[in-house]
Amino acid sequence: MFKNAVVRIPGSNFADGLTTVNLGVPSYDSVMQQYSRYCRALQECGLMITTLDADLRYPDSTFVEDTAILTPRGAILARPGAPSRQGEVAAIRETIGRFFPATLEIEEPGTVDGGDICEAESHFFLGLSHRTNEEGLRQLAGYLAGQGYTSSVIDVRGTTSILHLKSGISYIGNNTMVAMEEMAGNDLFRNYEVIRVSAEESYAANCVRVNERVLVAAGYAHFIGELDDRGFNPLALDMSEFQKMDGGLSCLSLRF
Ligand code: CIR
């Protein structure tokens with residue numbers, strides 16, 4: 001069960017952030033509407049929200065998930081691979097410290113984006129990506145082992161169209177892994193129930209189990225229907241403006 005979430009208000013310069021997709025420029029009004037609905041959804045799932053002010057120094061800083069890995073056994077501050085995002089960690093450190101007195105930290109030359117880290121009960125899947133490097137994962141695997149977790153690495157550098165591991169897979173509890181078509185056959189998932197997300201709906205593979213609900217991007221009827229059929233109680237949220245900046249649903253919050 002999660003009790004808390006940390007979010008950061010999108011800045012008016014949100015559209016100046018990094019993106020690799022060609023979906024147009026986000027409208028700030030719509031960004032704020034979608035962000036507000038997202039926060040309400042977290043509250044509807046029973047979470048207490050800590051809201052950080054917009055930080056115009058970092059246009060991508062609303063994607064707070066990339067700054068830390070929070071587990072029931074402790075906090076690990078990440079070190080984002082994009083130079084323009086590295087200052088986001090200092091900006092959130094004090095907030096995380098309020099909830100987690102002792103924090104570990106990924107050190108240079110390691111880089112880790114939180115979006116590359118997928119927690120599945122006591123096992124972690126660690127994405128090696130264009131943002132998260134081998135040294136970062138070596139440090140992280142050591143910290144997680146110290147907390148009693150196991151981990152395995154999935155190299156997503158050759159996987160088309162995803163920024164982070166969790167753009168392509170999500171663990172939603174009940175031993176169930178959601179995976180985009182291209183990743184669904186990975187042998188590491190052999191002991192899981194795998195819900196395959198078709199190539200047309202692959203953006204929705206980034207979804208989040210929050211207590212009794214699964215938050216999922218709106219507009220992906222087939223996948224949402226499948227979640228429903230399997231009893232996962234999906235809650236669909238419009239994410240179009242965040243998608244324009246390569247952002248998935250999970251990256252808008254840190255949940256713990
Ligand atoms: C970036 O490129 O870093 C941001 N525009 C999007 C980050 C999305 N984060 C995530 O999926 N965890």
Side-chain angles (χ1 to χ4, degrees), residues 5-28 30-31 34-35 38 42 52 54-70 76-89 91-92 96 106 111-119 124-133 136-137 140 154 156-157 159-171 178-180 183 197 202-210 215-217 237 239-256:
V6 174
V7 295
R8 186 184 288 285
I9 299 169
S12 52
N13 59 354
F14 173 71
D16 295 339
L18 302 169
T19 189
T20 59
V21 292
N22 235 329
L23 296 173
V25 178
S27 132
Y28 189 61
S30 306
V31 168
Q34 292 179 5
Y35 166 80
Y38 179 92
L42 293 177
L52 305 178
D55 188 340
L56 298 182
R57 295 171 300 168
Y58 307 112
D60 279 314
S61 57
T62 194
F63 298 119
V64 286
E65 180 181 56
D66 291 320
T67 62
I69 295 95
L70 305 180
I76 301 163
L77 293 175
R79 187 166 179 274
S84 67
R85 301 200 57 192
Q86 283 179 352
E88 293 176 28
V89 175
I92 207 166
I96 291 175
I106 303 297
T111 60
V112 172
D113 277 20
D116 276 315
I117 311 307
C118 178
E119 179 179 357
F124 281 73
F125 294 99
L126 313 180
L128 180 61
S129 72
H130 296 297
R131 296 285 178 87
T132 293
N133 67 15
L137 292 186
L140 180 60
I154 299 180
V156 297
R157 290 172 298 183
T159 307
T160 44
S161 80
I162 61 169
L163 177 65
H164 290 126
L165 175 67
K166 275 194 294 189
S167 318
I169 66 165
S170 306
Y171 178 73
V178 169
M180 63 190 267
M183 301 180 74
V197 184
S202 71
Y203 177 72
N206 175 273
C207 54
V208 188
R209 171 80 180 259
V210 184
L215 308 192
V216 57
L237 297 170
M239 292 294 298
S240 63
E241 303 312 291
F242 298 102
Q243 187 176 11
K244 290 175 183 171
M245 302 308 291
D246 258 338
L249 191 146
S250 68
C251 38
L252 285 179
S253 60
L254 283 162
R255 304 152 301 273
F256 53 97

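All values below were derived from every heavy atom in this structure, side-chain atoms included, with hydrogens, water molecules and symmetry-related copies excluded. Counting starts at 1 for both ligands and their atoms, following the listed order.
Contact between Gly247 and ligand 1 is present, with at least one heavy atom of the residue lying under 4.0 Å from the ligand. Using a 4.0 Å heavy-atom cutoff, Thr19 is absent from the residues neighbouring ligand 1. Not close to ligand 1: Lys166, with no non-hydrogen atom less than 4.0 angstrom away.
For the pair Ala78 and Val89, the tightest heavy-atom approach, listed with the atom from each and the gap, is O-CG2, 3.4 Å. Shortest non-hydrogen contact noted between Leu23 and Lys244 is O-CE, 3.5 Å. The shortest heavy-atom contact between Ala15 and Val25 is CB-CG1, 3.9 Å.
For atom 4 (C) of ligand 1, the nearest non-hydrogen atom of the protein is Asp60 OD1, 3.3 Å. Annotation: atom 2 (O) of ligand 1 to nearest protein heavy atom, Arg131 NH2, 2.9 Å. Closest to atom 6 (C) of ligand 1 among all protein heavy atoms lies Met245 O, 3.3 Å. Protein heavy atom closest to atom 10 (C) of ligand 1, with residue, atom name and distance, is Cys251 CB, 3.0 Å. In terms of protein heavy-atom proximity, atom 9 (N) of ligand 1 is closest to Asp66 OD2, 2.8 Å.
Asp113 and Thr132 are not linked by any side-chain donor-acceptor pair at a separation below 3.5 angstrom, with hydrogens and angles left out of the test. Checked by atom type, the side-chain pair Ser61/Asp55 shows no donor-acceptor distance below 3.5 Å. At a cut-off of 3.5 Å, with distance as the only test, a side-chain donor of Ser253 or Arg255 sits close to an acceptor on the other residue.
The contact set between ligand 1 and His164, taken as ligand atoms under 4.0 Å from a residue heavy atom, comprises 9 (N), 10 (C), 11 (O), 12 (N). Taking every heavy atom of Glu65 and a limit of under 4.0 angstrom, the matching atoms of ligand 1 come to 12 (N). Taking every non-hydrogen atom of Arg85 and a distance limit under 4.0 Å, the qualifying atoms of ligand 1 come out as 1 (C), 3 (O), 4 (C), 7 (C).
A salt bridge does not link Arg8 with Glu88: every distance from a Lys NZ or Arg NE/NH1/NH2 to an Asp or Glu carboxylate oxygen is 4.0 Å or more.
Using a 4.0 Å cut-off between heavy atoms, Thr20 makes no contact with ligand 1 at all. Residue Leu18 touches ligand 1 through backbone and side chain together, judged by heavy-atom distances below 4.0 Å.
The CG atom of Asp246 lies 4.0 Å from the OG1 atom of Thr19; values are rounded to the nearest 0.5 Å.
Residues Tyr58 and Phe63 place their aromatic rings such that the two centres sit no closer than 6.0 Å.
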